[in-house]
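Take a look at the structure below.
Only a predicted model underlies this, so the values are computations on that prediction, with no experimental measurement involved. Throughout, protein chains are lettered first and strands after them, A, B, ... in sequence-line order, and every chain is numbered starting at 1.
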Number of protein chains: 2
Amino acid sequence: MSADSLRNSALSARIGSPVPEPTLAAGNLVKLKMACSHCHLREVCLPVGLTREQITLLEQIVYTRRRLKKGETLYRAGDPFRSLYAIRSGFFKARAATPDGRDQVTGFQMAGELIGMDGISHETHTCDSIALEDSEVCVVPFNMLEDLSVQAPALGHHFHKVMSREIVREHGVMLLLGSMRAEERLAAFLLNLSQRLAARGFSATEFVLRMTREEIGSHLGLKLETVSRAFSKFQDDGMIAVKQKHVQILEMERLRKLLTNGSRSTHD
Amino acid sequence: MSADSLRNSALSARIGSPVPEPTLAAGNLVKLKMACSHCHLREVCLPVGLTREQITLLEQIVYTRRRLKKGETLYRAGDPFRSLYAIRSGFFKARAATPDGRDQVTGFQMAGELIGMDGISHETHTCDSIALEDSEVCVVPFNMLEDLSVQAPALGHHFHKVMSREIVREHGVMLLLGSMRAEERLAAFLLNLSQRLAARGFSATEFVLRMTREEIGSHLGLKLETVSRAFSKFQDDGMIAVKQKHVQILEMERLRKLLTNGSRSTHD
DNA sequence: GAGTCGGCTTGATCAGGATCAAAAGACGCC
DNA sequence: GGCGTCTTTTGATCCTGATCAAGCCGACTC
């Protein structure tokens, strides 16, 4: 089965979609065909560990992009699930809600990360994904990704790893929410952000927060005032310099120590 | 590729395993071959939604079981990852830990649930799984499961749903940890347990807890004293009857209401 | 440049749950 | 059956972070 016929069969199965993905003229398609193999994110994103040939296959199904302005919603809970999204640029938050009005930011996502996997289980998204700045995502039609995984098992294997990594990440958040105090949570948050930015070639010690104090608080299970106070405390202690959304980490080691010292087990 | 050759090729790739899975004499194999299709859990477990033929394929790779006594560890963080485990009987807890000594029960698992997916991302388990009562699991060699998914894409698709469901479940725990008060957390915990037991044909209103107050507390981000007090409070209010590990839900509706009324959004 | 608005900081007070402590109840082991 | 250990309950007190409240800063509009 050629990649083209694969795409067409998968496409025809999607006719009548109530929320059609934007389509591109044939002219643009060629250009996009080379997308993954030339993308500066290929070392972080879905193509990681794939051979040149396998990436070419992947490019056959990732032929649509979607741009979002700051504040726009990529998908929301209840939307039918069809695609995963690989973030090409920008910054997102994922927000889950209970049947009653409670909600929580379950995570922040940046370039190279794959989002939307919450939707697979019920063929419906179970949380919202909102752009925190102007962003662009590559649309990865999920049925095509599964079809392709049969042709290129390495891709399937890699996808399993990505999903598993998400599960492990969430374990970390659970540990944070269940056993850390406010300042430890913020320290963990900053270190995590720093490390992910560094992995993408940005400064590990100086960055601009894309989210508000309230959103940080929602993610960390704290109120915005507590987040603000913890920022101020870190600054007074000389560990960081904060000015609004601009953060500079002055003493990474002390931030780390803050985490490893708390050490209060729930079992011993 | 026949199912047998599939099994053998995958098996040979695993020679030299430092922790060999128990193997069975050929005589027992035949008996076990019929396992999945006759298992009373086939409506809850991995075979859900598979055709008769596909289940037969699945049975080719699920030919080992492992028994654990109460308190025994199925796997622990750092162990090499090779297999997933489908719980055939019994009850497990999963425990994650930070580099320093903090730990947290990330979930409780019962018959029909698939565990071990945390290990896929780094080919190493990242949390511990411990039997809370005498239990039995079916060993699902992961590389074989992936190979089989190529032959039977429906199985792969189902597996994706299982992983996605785990992600969604964890979102729920994050919501609980991040935005609920102590009594709401316990109510949510009891309702969740009740619902899962009911799905397996057990009573939804009367059951025996397999875990201690401390383990419940660790999972809910509470201290054991707080868990105990919340139990007492529910009992005083007439919603449940508790005697040690024996729980009887007397007024399910009031328990539910306890959840839907708290309703304190972090955003609005 | 004045005015407005959303986001942030800081202070004062309050309360939910942690902590410390003690005793009672269950359970396994000789 | 008696002993020792683990688990649970309950009480008293403390502390962290929530809540309430006020003012500030910066960005944007007009």
Side-chain angles (χ1 to χ4, degrees), chain A residues 69-71 93 102 104-105 132-133 176-189 208-237 240-247 258 262-268, chain B residues 69-71 93 102 104-105 130 132-134 176-189 208-237 240-247 258 262-268:
Chain A
K69 289 231 161 292
K70 180 175 173 177
K93 70 170 174 185
R102 270 183 259 248
Q104 172 136 12
V105 172
L132 294 182
E133 61 180 352
L176 179 147
L177 290 171
S179 72
M180 292 188 189
R181 46 192 55 264
E183 287 176 20
E184 293 168 342
R185 295 184 197 193
L186 187 63
F189 170 73
V208 174
L209 298 171
R210 256 64 222 225
M211 67 299 277
T212 67
R213 301 286 189 265
E214 186 174 26
E215 286 161 339
I216 297 173
S218 171
H219 182 47
L220 302 180
L222 301 170
K223 290 295 157 183
L224 72 99
E225 294 95 328
T226 306
V227 174
S228 178
R229 274 184 245 272
F231 268 122
S232 301
K233 175 76 168 8
F234 287 174
Q235 178 156 246
D236 292 348
D237 291 354
I240 66 173
V242 209
K243 188 162 189 206
Q244 300 290 121
K245 307 219 158 164
H246 188 119
V247 174
L258 220 164
S263 188
R264 300 164 310 136
S265 167
T266 57
H267 271 277
D268 307 333
Chain B
K69 289 229 162 291
K70 180 176 172 173
K93 71 170 173 184
R102 269 182 259 247
Q104 170 136 12
V105 172
I130 296 151
L132 294 181
E133 60 180 352
D134 292 0
L176 178 147
L177 290 171
S179 72
M180 293 189 188
R181 43 194 56 261
E183 287 176 18
E184 293 168 343
R185 295 184 197 194
L186 187 64
F189 170 74
V208 174
L209 298 172
R210 257 65 221 222
M211 67 298 280
T212 67
R213 301 285 189 267
E214 186 175 25
E215 287 162 337
I216 297 173
S218 170
H219 182 47
L220 302 181
L222 301 170
K223 291 293 156 185
L224 69 99
E225 294 96 325
T226 307
V227 174
S228 178
R229 274 183 245 271
F231 268 123
S232 301
K233 173 76 167 9
F234 286 174
Q235 178 156 247
D236 292 349
D237 291 355
I240 67 173
V242 209
K243 190 163 188 202
Q244 299 289 123
K245 308 220 157 166
H246 188 118
V247 174
L258 222 164
S263 188
R264 300 165 309 135
S265 167
T266 58
H267 271 278
D268 303 335

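Judged by distance alone, with hydrogens and angles left aside, the side-chain atoms of A:E133 form no donor-acceptor pair with the main-chain N or O of A:K70 at under 3.5 Å. Panel note: side chain B:D134, backbone B:K69; no donor-acceptor pair is recorded below 3.5 Å. Judged by distance alone, with hydrogens and angles left aside, the side-chain atoms of A:R213 form no donor-acceptor pair with the main-chain N or O of A:L224 at under 3.5 Å. The backbone N or O of A:L220 sits less than 3.5 Å from a side-chain atom of A:R185, completing a donor-acceptor pair. Using a distance-only test at 3.5 Å, with no hydrogens or angles considered, no donor-acceptor pair links the side chain of B:Q235 to the main chain of B:A241.
For the pair A:R181 CZ and D:dC15 P, the computed distance is 12 Å after rounding to whole Å. Atom CD of B:Q235 is separated from atom C1' of D:dT8 by 13 Å (rounded to the nearest Å). Atom P of nucleotide C:dC27 and atom CZ of B:R210 are separated by 13 Å, given to the nearest angstrom. Straight-line distance from the NZ atom of B:K69 to the P atom of C:dG28: 13 Å, rounded to whole Å. In this structure, the CG atom of B:L186 is 13 Å from the P atom of D:dT8, given to the nearest Å. Taking atom NZ on B:K223 and atom C1' on D:dT10, their separation rounds to 18 Å, with Å as the unit. The interatomic distance linking B:F234 (CZ) with D:dT10 (C1') rounds to 17 Å, in whole Å. In this structure, B:E215 places its CD atom 14 Å from P of D:dC6, rounding to the nearest Å.
A distance of 11.0 Å separates NE2 of A:H219 from CG of A:L186, quoted to the nearest 0.5 Å. Interatomic distance, B:S228 OG to B:L222 CG, rounded to the nearest 0.5 Å: 12.0 Å. Rounded to the nearest 0.5 angstrom, A:E215 CD and A:L209 CG are separated by 10.5 Å.
More than 12 heavy atoms of other shown residues, nucleotides or ligands fall within 6.0 angstrom of atom NZ in A:K245.
Counting any heavy atom pair closer than 4.0 Å across all strands shown, A:G221 reaches sugar-phosphate atoms only and no base atom.
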Each nucleotide in nucleotides 4-11 of chain C should get exactly one letter: B, S or -. Can you fill that in based on protein heavy atoms under 4.0 Å? ----SBBB
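Rotation axes derived from the C1' atoms of the five outermost pairs at either end of the helix from C:dG1-D:dC30 to C:dC30-D:dG1 lie 50° apart, to the nearest 10°.
Along DNA chain C, the nucleotide closest to B:K70 and the one closest to B:A182 are compared, and the more 5′ of them pairs with B:A182.
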